[in-house]
Amino acid sequence: MDTKELEKLPSKDGAIDKGDAHIIVELIEYEHDSVVSKSIMKKATGSINALSFASGEGLNERTSPYDTYVQLIDGSAIIEIDGKASTLQTGDGILIPADKPSHIKPNGRFKLILTVIKSGYE
């Protein structure tokens, strides 16, 4: 990796510098047999997180009181929302409605961006 690529990675404290471009798929790395999460931004009105999933890893079913947008940035995964399964590939996204059960099944290793919007649920 050359220095120009290094300049686009998050700073050493893990924060992403506001106003600076970055390579989204390089925000988080894979770790063997693990799910890794990195907070990109967290506010009272919502959050943005990057997650990486080793092969065979996923997220158990859960129900959120907020709308959640999932975008795959690497690999493939199966997202099941209220009993309906969708296979997402790199670049695909899906909106999980508030109060609907959902879970993410592995389809090999993958990375995603998870955006939770809390505004409007006061």
Side-chain angles (χ1 to χ4, degrees):
M1 180 180 293
D2 66 26
T3 55
K4 286 185 181 181
E5 288 177 63
L6 285 171
E7 291 170 356
K8 295 182 188 228
L9 292 174
S11 62
K12 64 180 179 265
D13 63 359
I16 295 173
D17 294 327
K18 293 180 181 179
D20 288 346
H22 56 272
I23 300 169
I24 194 77
V25 75
E26 293 180 359
L27 288 178
I28 194 161
E29 296 298 326
Y30 291 108
E31 290 190 21
H32 183 67
D33 292 334
S34 297
V35 175
V36 180
S37 177
K38 177 185 177 78
S39 180
I40 296 172
M41 183 176 74
K42 188 171 184 174
K43 304 277 184 182
T45 55
S47 62
I48 303 172
N49 293 287
L51 292 93
S52 70
F53 298 80
S55 190
E57 300 292 330
L59 289 179
N60 293 331
E61 184 172 294
R62 63 179 295 236
T63 302
S64 172
Y66 310 111
D67 289 336
T68 303
Y69 186 73
V70 176
Q71 182 180 16
L72 254 72
I73 58 173
D74 189 45
S76 173
I78 301 162
I79 313 288
E80 190 171 305
I81 303 169
D82 204 20
K84 180 183 175 192
S86 300
T87 300
L88 275 62
Q89 305 290 334
T90 300
D92 292 341
I94 194 165
L95 181 62
I96 301 171
D99 302 316
K100 297 291 182 186
S102 66
H103 66 278
I104 301 175
K105 299 178 186 179
N107 197 14
R109 68 184 200 165
F110 61 98
K111 295 179 183 180
L112 58 79
I113 298 294
L114 196 68
T115 305
V116 178
I117 305 298
K118 295 180 181 179
S119 178
Y121 293 96
E122 295 81 17

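What you are looking at is a predicted structure, and each value in this text was computed from that prediction instead of being measured.
Nearest heavy atom pair, residue A98 against residue D67, reads N-OD1, 2.9 Å. The nearest pair of heavy atoms linking N107 to S76 is ND2-OG, 2.9 Å. P106 approaches G58 most closely through the heavy-atom pair CD-CA, 4.3 Å. Residues N49 and S39 come closest through the heavy atom pair OD1-CA, 3.2 Å. When all heavy atoms are compared, the tightest approach of A54 to E31 is CB-O, 3.4 Å.
For the atom pair CD1 of I117 and NZ of K43, the computed distance is 12.5 Å after rounding to the nearest 0.5 Å. To the nearest 0.5 Å, atoms CG (L112) and CD1 (I24) are separated by 11.0 Å. Taking NZ of K118 as the reference point, atom OG1 of T68 lies at 10.0 Å (rounded to 0.5 Å). Between atom CE of residue M41 and atom CD1 of residue I48 there is a gap of 4.0 Å, rounded to the nearest 0.5 Å. Rounding to the nearest 0.5 Å places CG of L27 at 11.0 Å from OG of S52. Annotation: the span from I23 atom CD1 to I73 atom CD1 amounts to 11.5 Å, rounded to 0.5 Å.
Within the 4.5 Å cutoff, the side chain of T90 has no heavy atoms near those of the L72 side chain. The shortest distance between side-chain heavy atoms of V36 and E29 does not fall below 4.5 Å. Between S86 and I81 there is no side-chain heavy-atom pair separated by less than 4.5 Å. Counting only heavy atoms from C-beta outward, the side chains of L88 and F110 never approach each other to under 4.5 Å. The shortest distance between side-chain heavy atoms of I94 and D92 does not fall below 4.5 Å.
Although no hydrogens or angles enter the test, the distance criterion places a donor-acceptor pair under 3.5 Å between the side chain of K111 and the main chain of V25.
Put simply, I79 and F53 are part of the same group of oily side chains (I, L, V, M, F, W, Y) that touch within less than 4.5 Å, one to the next. When the side chains of ILVMFWY residues are joined at heavy-atom separations under 4.5 Å, either directly or via intervening members, I96 and L51 end up in a single hydrophobic cluster. Criterion: ILVMFWY side-chain heavy atoms under 4.5 Å apart, direct or through other members. Under it, I28 and V35 are not part of a common hydrophobic cluster.
The stretch residues 54-64 participates, sequence neighbours left out, in no side-chain hydrogen bond (donor to acceptor under 3.5 Å, both in side chains) pair at all.
For D82, the salt bridge (charged side-chain N to carboxylate O under 4.0 Å, His left out) partners two or more places apart in sequence, or in a different chain, are K100.
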